[in-house]
> 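Encoded as structure tokens, here's the structure I'll be asking about.
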Amino acid sequence: MTERPGPGVRAAQRPTYTEAVLKGDGQLSHDLDPHDRPPKDACGVFGVWAPGEEVSKLTYYGLYALQHRGQESAGIAVSEGSRILVYKDMGLVAQVFDESVLGTLRGHLAIGHCRYSTTGSSVWENAQPTLSSTEVGGLALAHNGNLINTRELARRLAPGATRATTDTEVLTSLLAQDRSQPIDDAAAELLPQVKGAYSLVFMDEKTLYAARDPQGIRPLVLGRLERGWAVASETAALDIVGAAFVREIEPGELITIDERGVRSRRFALAEPKGCLFEYVYLARPDTTIAGRSVQSTRVEVGRVLAREHPVEADLVIPTPESGTPAAVGYAEASGIPYGQGLVKNSYVGRTFIQPSQTIRQLGIRLKLNPLKEVVAGKRLVVVDDSIVRGNTQRAIVRMLREAGAREVHVRISSPPVAWPCFYGIDFATRAELIAGSLSVEEIRDSLGADSLGYISQEGLVEATTIPSERLCRACFDGEYPIAVDRDNVGKYVLEAKT
Ligand code: SF4
């Protein structure tokens with residue numbers, strides 16, 4: 001069965017303003033192996049203010065470029081000046097929207113979101129953009145990141161104000177709660193009290209807003225269209241809609257975009273702590289961070305890795321696709337030939353068929369298959385971006401040996417991931433992280449590899465060209481830049497199943 005969104009059900013419209021939520025009838029698809037997931041990001045956001053343009057289509061393509069950041073649900077909010085419409089559903093961007101749906105979403109500004117859940121269950125009600133309504137108008141909001149004082153913020157809401165189970169819904173309700181002042185004034189007052197990671201795009205009927213937390217943990221960039229402006233999680237999403245990169249939204253900055261142009265204000269002092277893992281895995285390789293493509297950084301990481309962990313071998317192969325740039329850099333610096341020894345099925349990440357037990361036992365082969373004639377008899381260096389639980393790498397080593405590899409040396413382009421992330425990446429708990437309890441030698445043994453080498457934290461930071469003190473490195477060294485009260489965080493902090 002292939003999931004398609006339904007024809008759309010129009011919810012009740014309210015009398016004093018015109019807004020509606022359109023809903024497809026989709027259901028969640030199934031991950032093939034929920035116990036063997038790569039790290040997942042907490043969403044992509046996109047916003048556009050461009051009179052005369054098809055803003056919903058621009059947003060669709062912006063989200064399409066950001067699909068890697070969240071694959072559970074997608075949504076777009078749009079306004080033509082007097083009402084906000086939201087359409088959202090479970091599934092990938094291309095499954096949620098089609099030409100006829102986008103044709104109903106007309107206006108001069110829009111925001112969009114693709115979600116991976118880190119606070120609140122993965123259900124339709126928690127898909128974004130969220131929408132809040134008052135007598136004076138609507139407010140739609142989309143969020144990339146994860147708040148760490150959600151429970152405390154939720155207590156400030158008037159009783160019955162929301163049935164929210166997400167940090168985003170709480171934020172939206174708090175912003176909408178006081179409409180006695182303009183939204184940007186309300187945001188400038190509220191945001192300094194919000195803790196955690198948040199790259200936000202939000203809108204009322206006429207104006208687009210964007211804001212980034214004082215640490216700037218998740219990325220957010222501003223672009224110029226011929227007839228307007230765009231805001232996106234990554235520059236790759238600006239490229240796809242033909243917007244020229246203008247600049248990054250600064251940590252602690254709030255911008256307002258309307259017919260008067262872009263206005264900027266600072267709601268908090270910047271204390272930059274950009275996520276180091278964006279360079280390793282999360283961001284697209286064709287995205288630019290701090291003036292340099294992520295691809296260039298990853299190739300450089302591979303060069304550093306080769307210098308730190310040399311080995312005699314016949315061939316360097318990547319775990320596709322995420323290990324590819326670092327494998328290129330490793331091969332270049334080591335002088336060992338580069339080759340493709342594993343073929344990836346690009347479409348297997350999400351399926352709508354629950355695999356049978358027999359298929360499930362095939363495990364990794366659903367995703368990756370070795371090229372026997374390439375790997376047989378060779379001493380291989382296999383380059384991957386990270387090890388979370390170790391299941392994938394263990395299966396790869398076994399598969400390569402079965403295909404005839406003489407030696408398998410694993411090289412990882414990030415330091416050991418030993419600590420959970422509370423700022424928007426799903427790394428599970430410390431107990432589930434293999435580096436949380438095992439030494440590098442024990443991990444090598446567990447993987448069955450001939451040798452194992454992780455890049456050092458210093459080497460990775462050096463490759464980014466960003467000073468160490470301006471980066472969050474907490475999942476590697478446990479030093480959290482925003483203090484976390486462990487009793488009050490967690491995916492289900494607002495739900496019964498804590
Ligand atoms: S803990 Fe790791 S994944 Fe999370 S924001 Fe910090 S560097 Fe990024």
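Note that ligands are numbered from 1 as they come in the structure, with each ligand's atoms numbered from 1 the same way. Only this structure's heavy atoms are used, side chains among them; waters, hydrogens and symmetry mates stay out.
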> Measure Arg218 to ligand 1 on non-hydrogen atoms and call it side chain, backbone, both or neither using the 4.0 Å cut-off.
side chain

> Evaluate side-chain hydrogen bond (donor to acceptor under 3.5 Å, both in side chains) for Gln177 paired with Arg156, printing each intermediate quantity in order.
CA-CA 10 Å; Gln177 193 164 258; Arg156 300 188 197 180; over 6 Å; no

> Salt-bridged, Arg212 to Glu253, with N to O below 4.0 Å?
no

> Which protein N, O or S atoms does atom 8 (Fe) of ligand 1 have within a distance shorter than 2.8 Å?
Cys275 SG

> Taking the side chain as everything from C-beta on, heavy atoms only, tell me whether Tyr279 gets closer than 4.5 Å to Ser413.
no

> Just wondering, are more than 12 heavy atoms of other shown residues or ligands nearer than 6.0 Å to CZ in Arg224?
yes

> Determine, step by step, whether Ser233 and Arg218 satisfy the side-chain hydrogen bond (donor to acceptor under 3.5 Å, both in side chains) criterion, reporting the C-alpha distance in whole Å, the side-chain angles of both residues, the deciding distance to 0.1 Å, and the verdict.
CA-CA 8 Å; Ser233 292; Arg218 299 278 147 244; over 6 Å; no

> Could you tell me how the ring of Tyr64 sits relative to the ring of Tyr60: parallel (under 30°), tilted (30 to 60°) or perpendicular (over 60°)?
parallel

